[in-house]
Q: 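The structure under discussion is supplied below as C-alpha cells; questions concerning it will follow.
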Amino acid sequence: MKQDLIVILDLGSTQNTVIAREIRSLGVYSEIHPHDITVEELKAFDNVKGVILNGGENRIVDGKPVEIRDEIYGLGIPMISIDYPQSKCGAKLDELPDHAALKKFIFETCKAETNWNMKNFIADQVELIRQQVGERKVLLALSGGVDSSVVAAMLIKAIGKQLVCVHVNHGLMRKNESESVVKVFRDELHANLIYVDASERFLGKLENVVDPEQKRKIIGGEFIRVFEEEARKLEGIDFLGQGTIYPDIIESGTKTAKMVKSHHNVGGLPEDLKFELVEPLKQLFKDEVRACGVELGLPYEMVYRQPFPGPGLGVRCLGAITRDRLEAVRESDAILREEFAKAGLDKKVWQYFTIVPDFKSVGMKNNARVFEYMVIIRAINTIDAMTASVEKVDWDVLETITSRILSEVENVNRVCYDMSPKPPATIEFE
Ligand code: XMP
C-alpha cells in the first residue's frame, strides 16, 4: 500500500464516517474498524500511523459497554481518544475534535503524509487485482451505473481482456443509455463486452403486470436469469467483479462498523455458479468513486449521472407497462434531461425524471378531440434519499420543457409538475 493509514476504532459512535471523511479530505487515508479488532489484525496493515478511539457519549455497542483490547495500548502506535472522559490513553477532546486538533494529531503526532489520492489508490488497486486474479478471468455485470462503470474501468486497466463484461439491456433503460455503454466500453476502452438485448423478453414477462412489487420482482429475477445464462456459456471464469462501495460495508444505522456478510453472488445467482469476489471500490465513499472514475478516464456524464433505479423506467411507466407509454417516458425523460442541462440544473438538482400514469385525459389537437396520456415531471433535492424536497424550477424552464414534450412526444396531451415532498410521497411513484 502506498498510503499511510489512520484507523478509527468504532466504540459505538455515529460520527465515525464523518471523521473518516474529514481525515481523507486532509489527504490521509482512514478506515473504520470494529472495537474488538485484534493486535494481529491491526498489525496486518503495515502502514498504520495512528489510531483514533471513538465511542460517542457512552461507548455502548448493541446495548453493551465496550472497550478495545488491552494489548492494543501496548503497540506503540500513536493513539487519541475523542470521546470518553476516562479513556486509558488519556487524551480527551470534548465530543467531535475540532479541525485543528485533528490535524495536529494526524500530522504532528502521527507524522502521517498526505499521500491519499486517486492516482495512488488506482496504482494500489491495479497491483492488488493483478495479484488476486493472476492469469484468470473476471465476470462483471455492467449496468452502466456509476459503481459498475468505475469497477469495469479499473479492471480493464488492471487485467484488460481477462475481464468479461455483460451488459443486459432490459428494455427499461433511458434513451441511448445502452448505446453509450457499448460505445464507451467496447469502442473506446476496448473491453471484452457481451451486449445482450433482452428487451422483448422483459417486456413479455411484464405484460399485464400491474402490481409495483411484482414488476420489481420480475425485473430483478429475470435479470439474474439472463446474466446466469450468459455466465454459463463462458468458460474458465473464477471471479465476479462487484461495485461494492464503503457505505455498503459499513452497517448503517447501528453503532458499530461491522462487515455486512458479502453477498457471494450478484443478488441471488445460483449456488453452483461459484465465484470469488473482486471488489476494488470497497474502501471508497460515493464521491471518491466518482473521482476515481474521472481519473480512470470515464466520461463526466457517466460518472456524475443521477441515481437511476435498478428496475429502470419500468417503475416510471405506472401500472402495466405498455410500449406506447414506455416510449413516452423515455422520450420525455430525454427532453427533461436535455433542458435541465441547458439551464444548468443538471449540476444543481439531485434527481429529476418523468413519469407516465396509466390513464388518459381529454384534450384538443388540430381542432379535434383527443384522449391521451399525461407526463408528470419530478425534480427533487435530498441528502440521503430518506427525505426530499421539491426543486423550485424556474417557470420559463418548465414552459419550454412542457411545450417540447407536447409537440415531440407521441400520445401525450398534458404535462404536470409534482409538488410533493418526501414524506409523505416517495421519490419514485412505484
Ligand atoms: P424512493 O422512491 O424510495 O427512492 O423515495 C429513494 C431513492 O432510491 C432510488 N430507487 C432505487 N434504486 N433500485 C435502486 O437501485 C431500486 O429498485 C430503487 N427504487 C428506488 C430512487 O430513484 C431514489 O433515488
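Order of appearance sets the numbers: ligands from 1, and atoms from 1 within every ligand. As the structure is a prediction and not an experimental result, all values here were calculated from the model. Below, all heavy atoms of this structure are taken into account, side chains as well, without hydrogens, waters or symmetry copies.
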Q: Taking Asn47 for its side chain and Gln3 for its backbone only, find out whether a donor-acceptor pair lies under 3.5 Å.
A: yes
Q: Any side-chain to backbone donor/acceptor pair from Gln162 onto Arg136? Under 3.5 Å, distance only.
A: yes
Q: Give the atom numbers and elements of ligand 1 that come within less than 4.0 Å of a heavy atom of Pro311.
A: 13 (N), 16 (C), 17 (O)
Q: Could you identify the single nearest non-hydrogen protein atom to atom 23 (C) of ligand 1 and state the distance to 0.1 Å?
A: Gln351 OE1, 3.4 Å
Q: Taking salt bridge (charged side-chain N to carboxylate O under 4.0 Å, His left out) as the definition, give me every residue that meets it alongside Lys183, ordered by chain and number, with sequence neighbours left out.
A: Glu188
Q: Answer yes or no for atom 8 (O) of ligand 1: protein heavy atom present at a distance under 4.0 Å?
A: no
Q: What atoms in ligand 1 come closer than 4.0 Å to a heavy atom of Lys422?
A: 1 (P), 3 (O), 5 (O)
Q: Ion pair present between Arg414 and Glu372, side-chain N to carboxylate O less than 4.0 angstrom?
A: no
Q: Donor-acceptor check, side chain of Arg316 to backbone of Val356, threshold 3.5 angstrom: yes or no?
A: no
Q: Just jot down the ligand 1 atoms closer than 4.0 angstrom to any heavy atom of Arg216, in number order.
A: 16 (C), 17 (O), 18 (C), 19 (N)
Q: For Asp272, does the CG atom have more than 12 heavy-atom neighbours from other residues, nucleotides or ligands under 6.0 Å away?
A: yes
Q: For atom 13 (N) of ligand 1, which protein heavy atom lies nearest, and how many Å away is it?
A: Gly310 N, 3.1 Å
Q: Starting from atom 2 (O) of ligand 1, find the nearest protein heavy-atom neighbour and note its residue, name and distance.
A: Glu428 N, 2.9 Å
Q: What's the shortest distance from atom 10 (N) of ligand 1 to any protein heavy atom, and which residue and atom give it?
A: Pro309 CB, 3.9 Å
Q: Got the closest protein heavy atom to atom 4 (O) of ligand 1, with its distance?
A: Ile427 CB, 3.9 Å
Q: Under 4.0 Å, counting heavy atoms only: does Trp350 come that close to any atom of ligand 1?
A: yes
Q: Does atom CD (Glu135) have a neighbourhood of more than 12 heavy atoms from anything else shown, all under 6.0 Å?
A: no
Q: Side chain to side chain donor-acceptor pair (under 3.5 Å) between Arg59 and Ser81: does it pass, once the steps are laid out?
A: CA-CA 11 Å; Arg59 293 195 174 184; Ser81 166; 3.3 Å; yes
Q: Closer than 4.0 Å to some heavy atom of Thr426 - which atoms of ligand 1 meet that?
A: 1 (P), 2 (O), 5 (O)
